[in-house]
Amino acid sequence: MRTTVGAVAMVMLCVLMVHADVKPQRDFNLQRFAGRWYRVGLAYDSPSFVPYRDKLRASMGTITPLPNGNVNLTMWDITPAGCRSKVYQYEKTSVPGQFTYFSTRHNMVKDITVVDTNYTDYALVLKHKVFNREYTQVALYGRSQRVRTDVIQKFKAFANSHGFPRESILTPPPAGEKESCPTSASGH
Ligand SMILES: *[C@@H]1O[C@H](CO)[C@@H](O)[C@H](O)[C@H]1NC(C)=O
Ligand SMILES: *[C@@H]1O[C@H](CO)[C@@H](O)[C@H](O)[C@H]1NC(C)=O
């Protein structure tokens, strides 16, 4: 009994310690972060997601900085109805690299932290419901549909250390010619 209580206390302590140290990329530069990214890694807390995991492809997104420091993220996804885009409006906070947005799907405000990026190759982005608690998603973005394996390893280790079980950490493959979305042919 004592051991169990001790172990539980240990786990809780670890969780609290891990959760306390989410900091955005130092000297975050929004202009350098702008432009096209591919979501090449995803860790998700929702079981409703599981049926789709094998269908996922590295979807494309574009970060557009607005003059007031907010951001529009346009994500492209292939759906049964074809290629669709959705705009997420991220509002800046007083901390560079940290944003908030209103999730219409979950009907709540969420925090977005750009944890680590080198702008030219990859970006690790954490989404949470309550700041520094209740992580809901970790995403790895790449400037191309493939990123280096050491970057993938870093993403997996990060997601794991933030409480995402191994089976919820996905690395969607690049979209094939026919699946690519938006298609180069539909460039309008
Ligand atoms: C940002 O997104 C909003 C909502 O979709 C749109 O009205 C606005 O024109 C967008 N701004 C830019 C610069 O893309
Ligand atoms: C960004 O990261 C990639 C992959 O780790 C690396 O090859 C590249 O040199 C880095 N670029 C900069 C500017 O640090």
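All values below come from the heavy atoms of this structure, side chains included, with hydrogens, waters and symmetry mates left out. Just so you know, ligand 1 is whichever comes first in the structure, and atom 1 is the first atom listed for that ligand. Just so you know, residue 1 is the first one in the sequence shown, and it goes up from there.
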Query raised in the report: Checking Gln25 side chain against Gly97 main chain: does a donor-acceptor pair fall under 3.5 Å?
Result: no
**Report entry** Phe164: partners by ring pair (Phe, Tyr, Trp, His ring centres under 6.0 Å), with sequence neighbours left out
**Finding:** none
Query - ILVMFWY cluster membership beyond Phe33 - transitive side-chain contacts under 4.5 angstrom - result: Phe28, Leu30, Trp37, Ile63, Val71, Leu73, Met75, Tyr88, Tyr90, Phe99, Tyr101, Ile112, Val114, Tyr119, Val125, Tyr141
Write none if no such pair exists; otherwise list each N/O atom of ligand 1 with its protein N/O partner under 3.5 Å and the distance.
{"unit_1": "ligand 1", "atom_1": "2 (O)", "unit_2": "Asn72", "atom_2": "OD1", "d": "3.4"}
{"unit_1": "ligand 1", "atom_1": "2 (O)", "unit_2": "Asn72", "atom_2": "ND2", "d": "2.3"}
{"unit_1": "ligand 1", "atom_1": "11 (N)", "unit_2": "Asn72", "atom_2": "ND2", "d": "3.0"}
{"unit_1": "ligand 1", "atom_1": "14 (O)", "unit_2": "Asn72", "atom_2": "ND2", "d": "3.4"}

Query - Numbered atoms of ligand 2 (with element) below 4.0 Å of Asp121, judged on heavy atoms - result: 1 (C), 2 (O), 3 (C), 8 (C), 10 (C), 11 (N)
**Report entry** Structural part of Tyr122 in contact with ligand 2, heavy atom criterion under 4.0 angstrom
**Finding:** side chain
Query raised in the report: What part of Val151 sits under 4.0 Å from ligand 2 if we count only heavy atoms: the side chain, the backbone, both or neither?
Result: side chain
Query raised in the report: Any donor and acceptor pair, going by atom type alone, linking the side chain of Ser85 with main-chain N or O of Thr74 inside 3.5 Å?
Result: no
**Report entry** Under the side-chain hydrogen bond (donor to acceptor under 3.5 Å, both in side chains) test, residues paired with Asn160 that sit two or more places apart
**Finding:** Arg166
Query raised in the report: Within the side chain of Asn72, is there an N or O that forms a donor-acceptor pair under 3.5 Å with the backbone of Gln89?
Result: no
Requested in this report: Please check if the side chain of Arg36 supplies one atom and the backbone of Arg143 the other of a donor-acceptor pair under 3.5 Å.
Outcome: no
